[in-house]
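Okay, structure first, notes after.
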Amino acid sequence: MPTIYSLIEEGLKKDSVHFDLQDKLWKLLEILVEIGTFTNERDDYPESDTDSLTMSINNLNGMSFHAIYQYAIWYEKHSESKRVLVQKVKKIFDDYLDKKLGGHTISRHAVLGVNFPNFYYFDREWTKRILEKIVSSKNTKIAFWDGYVSWNQLHRYAFADLHSLYNEFLNKDLVR
């Protein structure tokens, strides 16, 4: 069943949204992200059979962040300022990570993990700064890592900053 989140995300991916609608689309996305904060997530993560990435595409929390990230890709494709993560997109992620936009969730951390290497493309310094906030608790660390390793190759530039998190997994401080 398609949701408005997935319809927006697909429309942006297929470039079927006219760039003149950027402000209206952004206002809609802001509302949808706020609505997503009221979505409950499974309490049995990480012991459940459902991984964080699957959770992220099956609840409003994660779907809203997938759509926000896709907006950043779409915006860059059409704007004159290249390789800059849109300030308002950064603000959404920063507000979430600073807990101004709901509590930290498994599915949203999975989305951040999936897109972590791509954030370096947009803004390397910002990406390095947010890493400490991304991995804020045991379950969100696991969710972030699940998203990262499920979807990405181990990019040297990103993995260097993730080395301490990787060591936690190696030392079995974090186990699924």
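All figures in this text were calculated on a predicted structure; none of them were measured in a lab.
- In this structure, the side chains of W145 and S52 stay at 4.5 Å or more apart for every pair of heavy atoms.
- With a 4.5 Å cut-off on side-chain heavy atoms, S56 and M63 do not count as touching.
- With respect to D95 and K91, a salt bridge is recorded, a charged nitrogen being found less than 4.0 Å from a carboxylate O.
- Remark: the S64 side chain and the R108 side chain contain an N/O donor-acceptor pair separated by less than 3.5 Å.
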Practice item. Begin with the C-alpha distance, continue with both residues' side-chain angles, and end with the deciding distance and a verdict on side chain to side chain contact (heavy atoms under 4.5 Å, CB included) for F93 and I130. Key: CA-CA 9 Å; F93 291 143; I130 66 166; 5.8 Å; no
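- Across all non-hydrogen atoms, the minimal contact from V111 to H66 is CG2-NE2, 3.3 Å.
- Looking at heavy atoms from C-beta onward, Y69 lies out of side-chain contact with V89 at the 4.5 angstrom threshold.
- Once rounded to the nearest 0.5 Å, the distance linking CD of Q87 with CG of D94 reads 9.0 Å.
- Counted by atom type alone, H78 and D15 present one or more donor-acceptor pairs between their side chains at under 3.5 Å.
- Salt-bridge formation is detected for the pair K13/E9: a Lys NZ or Arg NE/NH1/NH2 atom is positioned less than 4.0 Å from an Asp or Glu carboxylate oxygen.
- Here NZ of K141 is found 14.0 Å from CG of D146. Values are rounded to the nearest 0.5 Å.
- Aromatic pair F144/H109: centroids not less than 6.0 angstrom apart.
- At a cut-off of 3.5 Å, with distance as the only test, no side-chain donor of S107 or N61 sits close to an acceptor on the other residue.
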Just list the side-chain donor-acceptor pairs under 3.5 Å for residues 23-36, sequence neighbours left out, or say none.
residue	atom	partner	partner atom	Å
W26	NE1	E30	OE2	3.2

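- Two residues are said to be in side-chain contact when any heavy atoms from C-beta on lie closer than 4.5 Å; I8 and L12 meet this criterion.
- Of all non-hydrogen atoms in P117 and V114, the two that sit nearest each other are CD-O, 3.8 Å.
- Rounded to the nearest 0.5 angstrom, L85 CG and D123 CG are separated by 7.0 Å.
- Side-chain contact between T105 and T140 is absent, with no heavy atoms from C-beta onward closer than 4.5 Å.
- Counting only distance, with no hydrogens or angles, the side chain of N115 and the backbone of N118 share no donor-acceptor pair below 3.5 Å.
- Taking the side chain as every heavy atom from C-beta outward, Y120 and D161 approach each other to under 4.5 Å.
- Expressed to the nearest 0.5 Å, how far CG of N59 lies from OG1 of T50 amounts to 10.5 Å.
- At a threshold of 4.5 Å between non-hydrogen side-chain atoms, the residues F122 and V86 do not count as touching.
- Between Y71 and Q22, the shortest heavy-atom distance links the atoms OH-O, 3.5 Å.
- Placement of I57 and F65 in two distinct hydrophobic clusters is found when ILVMFWY residues are connected by side-chain heavy-atom separations under 4.5 Å, directly or transitively.
- Using cut-offs of 30° and 60° for the angle between ring planes, the F119 and F116 rings count as perpendicular.
- Taking 4.5 Å as the limit, some side-chain heavy atom of L101 sits within range of a side-chain heavy atom of I92.
- Using modelled atom types and a 3.5 Å distance limit, the side chains of Y121 and E76 yield a donor-acceptor pair.
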